[in-house]
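First the structure, in the form of C-alpha cells, and then the observations on it.
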Amino acid sequence: MIKFLDLKAINNAHRDELITACARVVDSGWYIGGEELRSFEQAFATYCGVRHCVGVANGLDALVLVIRAWKELGHLKDGDEVLVPANTYIASILAISENGLVPLLVEPDPVTFNICPVNAAAAVTQKTRMILPVHLYGRLADMPKIMELARRHRLLVLEDSAQAHGASLDGKKAGSWGDASGFSFYPGKNLGALGDAGAVTTNDETLATTIRALGNYGSHQKYKNIYRGVNSRLDEIQAACLMVKLKYLDTQTEHRKLIAKLYGEEINNPAIVLPAQDSGDDNVWHVYTVLSEHRDALQAHLAEECVQTLIHYPIPPHLQQAYAEFKDQSLPIATRIHNRILSLPIGPTLSFEEARRVVAACNSFQPVMP
Ligand SMILES: *Cc1c(COP(=O)(O)O)cnc(C)c1O
C-alpha cells in the first residue's frame with residue numbers, strides 16, 4: 001500500500017536529531033516556556049518574514065486567540081461578521097463562532113479552491129469587520145486582492161496558514177500578508193510536531209503581547225490577571241522538535257513540488273482534473289487534490305491498486321450538523337468541490353517510483369458511464 005502520508009518515515013529521517021533534542025529538554029529540567037520555545041519562535045518569525053511569533057497549543061487556538069485578542073483590544077465585538085471560504089476545514093469557522101462572531105461563508109474560486117475576492121466583496125455588509133482567508137492545500141489565497149478589499153472596507157485580515165508553511169506569493173510568505181496569521185504544527189502538516197502545537201505570526205507587537213497573556217491565563221505578569229484567559233502553550237519538547245524539523249522544511253517542500261510536477265505532467269486521464277499548476281506562485285502542496293465526476297469510483301479503484309487517498313473534506317461546513325443554521329445556504333461551488341475532490345499521496349518521503357505507481361493507477365481508471 002502506498003500511504004497517503006507516512007508520518008513514521010518522515011520523522012524517522014530525523015530520528016537521531018529529534019531524540020537529541022528531546023533529551024536536551026528532559027535533562028534541562030525546564031519543560032514549559034523556556035529557551036527552546038524562545039528559539040523556535042524567533043526562528044519561525046524570521047522564516048515567515050515577520051517580527052513576532054507566539055507559540056500556542058494548536059492551530060485552532062492560534063486562530064481563536066487572535067480573534068479573542070482583537071476583541072479584548074476593542075477592534076472586534078460580538079456579532080461582527082467575518083468573511084471566510086465556504087470550503088475550508090471546520091477549524092477556521094469554529095474560531096469565528098467560538099468568539100461570538102458570525103461567519104459569512106464565501107464561495108471559492110473553482111480553480112484555486114481559495115476564497116474568491118469578487119465573491120467576498122459581494123458579501124460585505126455594514127457589519128463585516130474581518131476576512132479570514134485560508135491558504136488551502138498549500139496555495140496562497142489571492143492576497144493582493146484580499147488586502148485591497150480589506151483596505152477598502154477596513155477589515156482586519158487573519159490568514160489561516162495551517163496548510164501553507166513556507167508558501168509564498170510575489171516573494172511574500174504565508175503568515176506575513178495579513179494583520180495576523182494562525183499556523184498549526186499538527187503532525188500531518190508540512191511542518192509537523194510530534195504532538196499538538198501551533199503559533200501566531202504578526203508584525204503587531206500589541207497583538208503579540210495580548211495573545212501571550214491570553215494563552216497564559218490572561219496574565220502578562222505572574223499572578224496578575226488582566227483577562228479571563230486560557231491555557232494554550234507550545235511546550236519545550238515540541239518546540240525543540242519543531243526547531244529540528246524547520247531546518248528541513250524547504251528541502252521537503254522542494255520534494256513535494258517535484259512530486260506535484262510529476263503528477264501534473266504524467267496523469268492524463270480525462271476523467272481526472274488536475275489542480276491548477278503554479279503560475280509564479282509558490283504552492284507548498286500540503287495536499288495534491290484532483291477533481292473527478294466519478295470521485296468515489298476513482299477512490300475505490302486507487303485503493304484496489306494499493307494507493308491510499310483522502311478527501312479534504314467530505315462534508316462542507318455548511319452541511320455539518322454543528323452548523324445546522326447554514327444548511328439552507330446556497331453554495332453550489334463549494335458543494336460541487338466537496339463532492340468531486342480527492343487527495344493523492346504526496347509528502348517528503350514519497351519516492352518517485354511510488355509517485356509513478358500513483359500515476360499509473362490514476363491513468364488506468366475507467367469510469368463506468370451510467
Ligand atoms: C489543521 C488545520 C487547522 C487546525 O489546526 P490544529 O492544530 O489541528 O488545531 C486550522 N485550519 C486549517 C485550514 C487546518 O488545516
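Residue numbers run from 1 in the order of the sequence given. Numbering of ligands and ligand atoms starts at 1, following listing order. Source: prediction; values computed, not measured.
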Closest heavy-atom contact between R356 and L262? NH2-CD1, 3.9 Å

Please work out whether any backbone atom (N, CA, C, O) or any side-chain heavy atom from C-beta onward of V134 is under 4.0 Å from ligand 1, and answer side chain, backbone, both or neither. side chain

Taking N or O atoms only and a 3.5 Å limit, does L63 qualify as a polar contact for ligand 1? no

Parallel, tilted or perpendicular, as decided by the 30° and 60° cut-offs, for the rings of Y248 and H14: parallel

Hey, are K173 and D282 close enough for a salt bridge, meaning a charged N less than 4.0 Å from a carboxylate O? no

For Q238 and A193, work out which heavy atoms get closest and say how close. OE1-CB, 3.1 Å

Heteroatom distance test (S184, ligand 1): nitrogen or oxygen, under 3.5 angstrom: yes

Answer with yes or no after comparing the ring centroid distance for H338 and F113 against a 6.0 Å cut-off, counting only values under it. no

Say whether H135 and ligand 1 are in contact under the criterion: heavy-atom distance to a ligand atom below 4.0 Å. no

Relative to ligand 1, is L60 under 4.0 angstrom through side chain, backbone, both or neither, heavy atoms considered? both

For A162, the atoms of ligand 1 under 4.0 Å from one of its heavy atoms are 2 (C), 3 (C), 10 (C), 11 (N), 12 (C), 14 (C), 15 (O)

Would you please say whether a donor-acceptor pair under 3.5 Å links the side chains of S364 and E305? no

Taking atom 10 (C) of ligand 1 as the reference point, the nearest protein heavy atom with its distance: A91 CB, 3.4 Å

Shortest non-hydrogen contact from L132 to D160? CD2-CB, 3.7 Å

Numbering the atoms of ligand 1 from 1, which are under 4.0 Å from a heavy atom of G59? 5 (O), 6 (P), 7 (O), 9 (O)

Looking only at atom types and distance, does a side-chain atom of S219 sit under 3.5 Å from a main-chain N or O of K224, one as donor and one as acceptor? yes

Nearest non-hydrogen protein atom to atom 1 (C) of ligand 1, with distance, is K189 NZ, 1.5 Å

Close N or O approach (Y186, ligand 1; < 3.5 Å): no

Protein residue, atom and distance nearest to atom 13 (C) of ligand 1, heavy-atom basis: D160 OD2, 3.4 Å

Contact (N/O only, under 3.5 Å) between T88 and ligand 1: no

